[in-house]
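Note sheet for the following structure.
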Amino acid sequence: MHRSRPFPFLFLLFGALPATFLAGCAGTEPRARTERAAGEMPARRMIAPFEVYKASGDAYAYPFLGGFNMPRPQLLDIDADGDNDLFVQEHPNAIMFFERNDTQGPLLWTWRSDKYAGLDVGEWYRFADMDGDGDFDLLAEQPFSHMRYYENVGTPLRADFVQTVDTLRDVAGEPVFSDRQNIPNVTDIDCDGLPDLFIGRIDGTVMRYEAVETEPAPVFQLVTENFEDIRIVAQFGQPGMPAPAALPNIPGANDDFMNEGPSPGRDIFAEDTQNRSDPLHGANTMTFADIDGDNDQDLFWGDFFEPGLLYIENTGACARPRLRTTPVPFPVDDPLQSSGYNAPSFGDLDADGDMDLLAGVLGGAFNPNRTAQSNLYMYEQLPEERFALRTTRFMDQIDVGSESYPVLVDLDADGDEDLLVSNKISSEDGRTASLAYFENVDGAYHTGEAPAFFSAYHYAPAFADLDADGDHDLLLGTWNDGIAWYRNEGAPGAPHFVLQQRGFIRLTRGSHTTPALVDIDNDGDLDLFVGETSGTINFYRNAGTASAPVFEFVSDEYAGIDVGRRSVPTFIDADRDGDLDMIVGSEHEGLLLFRNRGDRTTPLFGESEPLPYDVPEAAVPSFGDPDGDGALELMVGGYSGGLLYFDGP
């Protein structure tokens, strides 16, 4: 199942916790030992099939969670067991669910699902008790920009959601509208027992609705289009906040990113609404929490054009709210600093009786690569309402930033498969992609030193012995530099890649080259297939030899294959009939299987068949046997920068 891209202008944006905070699965899952044949397709999603270690020597809690570029968290006790569970939306139409464990241990949260209860939520979600029955109901986006309502017809102990209406309405019967890039919130702001609905608008104002009915679904009455005269204007030049960072001028890298921002020095304000001609905003999200313990709800605002989180204190009382103070960066003594649009959620994460902060950092008006890897900030609340940053990567996982590209290969020639993961662009150097290397040591993966290549975007490596000397050479696909050829001139077990030709292969058209080397005609040498931006497959037949390949162009629309955009080919014998089938990753269509209806010497690829994997956009498949059990496993990279892992029947 493919996932549509959520907010076009957001998508490009794309520390470890101490043991008491660490969130993850219930330990490392036991290594699968199955009787599956080598060609049988893996099916079971696994988060921690084996240990994967960071450079620090600590193991990732969730190595194959899939990565985050735009996490939107919400903390709540969905099962009424007295602790906060965690929900995270990373992709449209799906909420990830992490259950807080009842027993103490090194891992306090267990991953349960990538799509909680099978619920369709569009671009946003928000749990709240909408009908006053003591359990959490759910609001979510009804495409496009309306609000659907799921009533919890279960109990506080066991939730059961049923969609009651597909569009919430006001007292006049008109649909309640919320821009799909903005995440609204619900609280009882005036303590009258009825839920109030707040919707942030792109001009920085806040609309307030109050429910006048709750059964069978809430019906709302508009209270004001300008709640408390709040208006948030882009916060550049604020004390403690970074100046706006210039985005790198990367052709193709900012296609879906709102690259135009306000000038430095603009301010934020709540009461002064005179300057309404200058509203500069993108997506926003808000939440309410009684952070100072005075029994009223304070407001927290994240915004595409904000380099941090804003706090508007409620200086009134429970029944008489007053939020007319000047918004200030939060936490007050050490403001969160990020690349923009911070999605906050408050809850007691350390069981000490106060509310801590979890904020998803999505990337916004500042350098989008800044938080491509460090994107889920956790602040612990200390005495006197102070907050201390504990980690910027709350869900500890392999995450290389954006558009991960995994390759399984025995790089050190020790008989097992190592893992390399490249990306679109480095979070540290905006002029090139980067590469992570994990060495397989006795079934566990340890971070090592990755090979170094010339600077380019979108590394796509393909390893094979191109000169018949017994080691792995390399073809390196890139965004706009075609395919480079590196010869391995190292010793066995110590590869050393030397650039032979930077423009070894240049496509007839397109970019984002993704090479795959395979002997498709069974003549003893390697042929070359190349995926690219347009979604077709380029084919180059090897007219040379196994030790001196000569790749001759045959077609840039091989077999009529077209997966829409961003094709990434790989080959396995998927149906175990003795010839190689083609599996192609794509931007929007998931993984597609093209069966070889021919034979080992004369391939003939048929119509596409979607494979039943729920994978991210820009999916990159890599098949192998990383756990050494003799059966086929699958790793998948994609937009979010992490990896998915499938094993078992």
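Keep in mind it's a predicted model, so treat the numbers as computed, not measured.
Counting heavy atoms from C-beta outward, E215 and D131 have side chains that approach closer than 4.5 Å.
Using a 3.5 Å distance cut-off with no hydrogens or angles, the side chains of T205 and N226 do not pair a donor with an acceptor. Between the side chains of S640 and E90, at least one donor-acceptor pair of N or O atoms lies under 3.5 Å. Side chain to side chain, N314 and D298 fail the donor-acceptor criterion of an N or O pair below 3.5 Å. With no hydrogens or angles considered, a side-chain donor-acceptor pair links N182 and N284 at under 3.5 Å.
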* **Verdict with supporting geometry, N152 and D137, side chain to side chain donor-acceptor pair (under 3.5 Å)** => CA-CA 5 Å; N152 186 348; D137 308 297; 5.4 Å; no
* To do: Go through the steps for Y311 and F330 under the test ring pair (Phe, Tyr, Trp, His ring centres under 6.0 Å), then give the verdict.
  => CA-CA 6 Å; Y311 167 46; F330 188 85; 5.3 Å; yes
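Checked against the 6.0 Å centroid threshold, Y377 and F387 do not count as a close aromatic pair.
With values rounded to the nearest 0.5 angstrom, D350 atom CG is found 5.5 Å from M378 atom CE. Rounding to the nearest 0.5 angstrom, the gap separating the CZ atom in F161 from the OH atom in Y149 is 10.0 Å. In this structure, CE in M130 is found 9.0 Å from OG1 in T214, a value given to the nearest 0.5 Å. To the nearest 0.5 Å, the span separating CG on D296 from CG on D190 amounts to 12.0 Å. A distance of 9.5 Å separates CD1 of I183 from CD of Q74, quoted to the nearest 0.5 Å.
Under the ring pair (Phe, Tyr, Trp, His ring centres under 6.0 Å) criterion, F87 pairs with F97, Y116, F127, sequence neighbours left out.
Closest approach of N69 and P71 over heavy atoms only: C-CD, 3.6 Å. Nearest heavy-atom pair across E210 and R208 is OE2-NH2, 3.7 Å.
Around CZ of R158, the count of heavy atoms belonging to other residues, nucleotides or ligands within 6.0 Å does not exceed 12.
A side chain to side chain contact (heavy atoms under 4.5 Å, CB included) with E99 is found for one member of D79, D83, L86 and no other, namely D79. The one candidate from W111, F394, F98 that meets the ring pair (Phe, Tyr, Trp, His ring centres under 6.0 Å) condition with Y62 is F98.
Panel note: side chain D133, backbone D135; a donor-acceptor pair is recorded below 3.5 Å. Using a distance-only test at 3.5 Å, with no hydrogens or angles considered, a donor-acceptor pair links the side chain of E141 to the main chain of E123.
For residues 302-357, the set of pairs meeting the disulfide (SG to SG under 2.5 Å) definition, not counting sequence neighbours, comprises C191-C318.
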